[in-house]
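Comments concern the structure below.
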Amino acid sequence: MDITFEAQKTLQRLLAELDFSQLTPQKKSILIQRLTNGFQALFNQLFPLYGQRFDLYYHLKVLLQSVIDFHKKKCPAQIKDKSALWFESNQNVGIAVYVDLLADDLVSLIEKIPYFEALGINYVHLMPLYLSPEGNSDGGYAISDYRTVSPKLGTNKDLKDLASALHKKGIRMVLDFVFNHTSDEHRWAQAAKAGDQEYQDYYYFIDEQDAMEYNQTVREIFPQIRRGSFTYLPELDRHVWTTFNSFQWDLNYSNPAVFVAVVEEMLHLILNGCDVLRLDALAFVWKEKGTVCENLPKAHNLIKAFKACLDIAAPHVVFKSEAIVHPDDVNKYIATDECTLSYNPLMMALLWESLATRQTNLLYQSLERSFQIPEHTTWVNYLRCHDDIGWLWDDTISDRLGIDGIGHRHFLNQFYTGQFAGSFAAGVPFQENPVNGDCRVCGTLASLAGVENAIAADDPLLLDHAIKRIRVLNGINFAMPGIPLLYQGDDLGVLNNNDYLKDPTKVDDSRWVHRKKLTKADFTLAEDINTPQGKIAQLIREMIQIRKANDIFAAKSFELISLGSEHLFAFKRQSGDNVLLVIANISEHHVPITPTLDGLIGNKTAMNLLNNERIDLSSFSLIEPLDLLWLTKA
């Protein structure tokens, strides 16, 4: 079959049947041009998924009519910066926030925009803010209605007003696109539960035997909450697929009606003014019996189909991948026709691994293999987020280094939950598997880096080390290619908060230990340079200012540099004659540097951007404990 011919023929038939009557001539012309340019890409991805369906043409017609109808509606004013490659600029610095934990609601969050400006933020990720079940809603990731803002946070108008206010200040708004599952309170799920066969086909309803067969190959994500990946519904005498929590029902994308319906929800999110959509749990969206049901080839067809719809309907919006999976699989989602941006979970996890071991071998070798991504795509680099830390790296690399992957992960879990002698960390375990003992780690940046324990011990040296670890981590994160993303409270040096243990709806989810309601006292403490929080806030502000003031942080050239010690991590970025050399000592000891640095910089002297100190490179041979250098030509 000539798929190009079939796509062209199908588009011409559809154009003759679609209703453009509500669009202005200009909008109609623009949209027809986008359809002409983009329909082939959409058809190429949908045909492998639904080509065997007799009703594919019908679903295509509904889909394209939804795109047309989207253009009849008014979006908040877009940001002034219309650059298609805005994400490659060194001006980008992001922060992820819960609306009701940073402010009270969407209206009061507008009052925090001056804080974002002062910090240097131009990319704000709002954690899920749509209607979700009362009590436990997986932090808002169980969506009951994609089109209704949670009443406790405000209204759809408030969200659009916030988008407009952010855009006026040059700040992009990021929203979650939770497309793997809905809440069991969503109207689709409610109809399915009531026996509506059309909506039962929106989910996976299977018998016990099928559930047992799938569970043989599908891994458990939340083993402390529920064994297996299915929830039994006695009223239907059926099992429903629930990868995460029993109240989060996985959508059945083998049904094209689901794809069309979810595109319509996606377009509604865009109507609220977002610039980036974070694709939540994208690795799980396609299921096939006998597989792990993660990272399957047709998951990529599906995401590329969503991207093709996005490029036709709203090409100014980009996708960000949230794939917390094997590094090779993470990279497969990153492409100009799939996810333009992607979280960098490998670097995040291995920076913490390096701090625990005081060794950078695993970090170096992993980044050498996995850091390079296609042109005009970008990493979103982060140290902490709303979620836990999972130790995902390629075991073939750790095996080559003589590191037992299972044992090393156990060590890291013990270290960062304070169960290893000499640990500086005060983390909390998350979802420990009762069968194999595996778990993940929760905690704020400051508590994991040692601030909490140092304050409790009233030990100035331990506190100095902890703050220097935070400086090293942020110094690497802000200097690497990509968009650095802060997590709320880490910019203020906030410590773990155990209030969640008193809340029956949160007590079983230790991620709430780093989801603290930020108060005026937190901001006041961070304004006092004599407090640990004040020192942390100051160093982060200064690094952001330096990053935004120097174009070298937008350089595309990137090279890992070995300096002859397993305790050091270094890399070079270069643009023409301009060079940035970043060196970090992740140990609490002085470390000699074997090669001379003048050859790496191309100059006898260098300037450390972090303190404006001139350095004679020919005689520089020792780096201070837990020190960080951002070196350029003097």
Side-chain angles (χ1 to χ4, degrees), residues 1-51 56-88 163 167 172 177 256 259-277 279 301-320 335-341 374-377:
M1 184 184 74
D2 185 341
I3 195 168
T4 299
F5 173 74
E6 294 299 330
Q8 293 173 346
K9 183 172 65 175
T10 302
L11 178 60
Q12 292 308 311
R13 289 173 174 172
L14 286 167
L15 288 175
E17 297 179 21
L18 294 168
D19 180 9
F20 292 89
S21 62
Q22 298 299 309
L23 299 186
T24 64
Q26 182 182 20
K27 281 189 175 181
K28 178 181 177 180
S29 175
I30 291 171
L31 188 51
I32 288 178
Q33 187 61 54
R34 287 187 196 158
L35 283 167
T36 302
N37 295 338
F39 185 77
Q40 178 76 57
L42 176 61
F43 193 82
N44 287 352
Q45 302 307 325
L46 290 182
F47 193 80
L49 301 178
Y50 309 123
L56 176 57
Y57 184 85
Y58 164 77
H59 290 293
L60 281 170
K61 183 176 178 181
V62 174
L63 174 66
L64 296 191
Q65 190 62 55
S66 296
V67 171
I68 294 168
D69 294 344
F70 163 78
H71 282 269
K72 297 189 298 187
K73 299 169 184 176
K74 186 178 180 181
C75 289
Q78 290 185 25
I79 199 165
K80 291 180 181 178
D81 178 10
K82 297 294 195 296
S83 170
L85 302 177
W86 60 266
F87 44 82
E88 296 182 349
H167 288 165
R172 286 182 164 82
F177 181 29
F259 175 77
V260 174
V262 176
V263 168
E264 291 173 350
E265 304 307 305
M266 178 184 79
L267 296 177
H268 183 80
L269 295 179
I270 296 169
L271 283 174
N272 287 317
C274 70
D275 305 279
V276 179
L277 284 171
L279 272 59
N301 291 121
L302 186 70
I303 296 162
K304 288 179 179 180
F306 275 114
K307 180 62 163 64
C309 291
L310 189 70
D311 288 343
I312 293 169
H316 66 283
V317 179
V318 298
F319 280 157
K320 175 169 64 173
T336 54
D337 65 343
E338 197 160 352
C339 294
T340 309
L341 312 180
E375 186 179 16
H376 302 322
T377 63

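In what follows, residues are counted from 1 in the order of the sequence shown.
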Using a cut-off of 6.0 Å, state whether more than 12 heavy atoms not belonging to Gln26 lie near its atom CD.
no

Counting heavy atoms not belonging to Tyr57, are there more than 12 under 6.0 Å from its OH?
yes

How many angstroms lie between [atom1] in [X] and [atom2] in [Y], if you round to the nearest 0.5 Å?
X      : Y      : atom1 : atom2 : answer
Leu64  : Leu18  : CG    : CG    : 5.5 Å
Asp337 : Asn44  : CG    : CG    : 10.5 Å
Glu88  : Thr377 : CD    : OG1   : 8.5 Å
Lys61  : Arg13  : NZ    : CZ    : 13.0 Å
Asp275 : Lys320 : CG    : NZ    : 11.5 Å
Leu14  : Lys9   : CG    : NZ    : 12.0 Å

Answer yes or no: is there a donor N or O on one side and an acceptor on the other, between the side chain of Lys27 and the main chain of His71, under 3.5 Å?
yes

So, the side chain of Ser29 versus the backbone of Pro25: is there a donor-acceptor pair under 3.5 Å, distance only?
no

Gln78 meets the side chain to side chain contact (heavy atoms under 4.5 Å, CB included) criterion, sequence neighbours left out, with Lys82, His316

Between [X] and [Y], what is the shortest heavy-atom contact and its length?
X      : Y      : result
Phe39  : Ala7   : CE2-O, 3.3 Å
Ile68  : Leu23  : O-CD2, 3.8 Å
Ala77  : His167 : O-ND1, 2.6 Å
Leu11  : Leu35  : CD2-O, 3.7 Å
Ala313 : Phe70  : O-CE2, 3.4 Å

I'd like to check [X] versus [Y] (side-chain heavy atoms, cut-off strictly below 4.5 Å). Are they in contact?
X      : Y      : result
Thr340 : His376 : no
Thr10  : Phe47  : no
Asn272 : His268 : yes
Val62  : Glu264 : yes

Under the criterion side chain to side chain contact (heavy atoms under 4.5 Å, CB included), I'd like the reasoning laid out for Phe259 against Leu49: C-alpha separation, chi angles, the key distance, then a yes or no.
CA-CA 10 Å; Phe259 175 77; Leu49 301 178; 6.0 Å; no

Give every donor-acceptor pair under 3.5 Å between a side-chain atom in residues 304-312 and any protein atom, sequence neighbours left out.
unit_1	atom_1	unit_2	atom_2	d
Lys307	NZ	Asp311	OD1	2.8
Lys307	NZ	Asp311	OD2	3.0
Lys307	NZ	Thr336	O	3.3

Among Leu341, Leu279, Val276, side chain to side chain contact (heavy atoms under 4.5 Å, CB included) partner for Phe319:
Leu279

Return yes if a side-chain donor-acceptor contact under 3.5 Å exists between Ser21 and Asp19, otherwise no.
yes

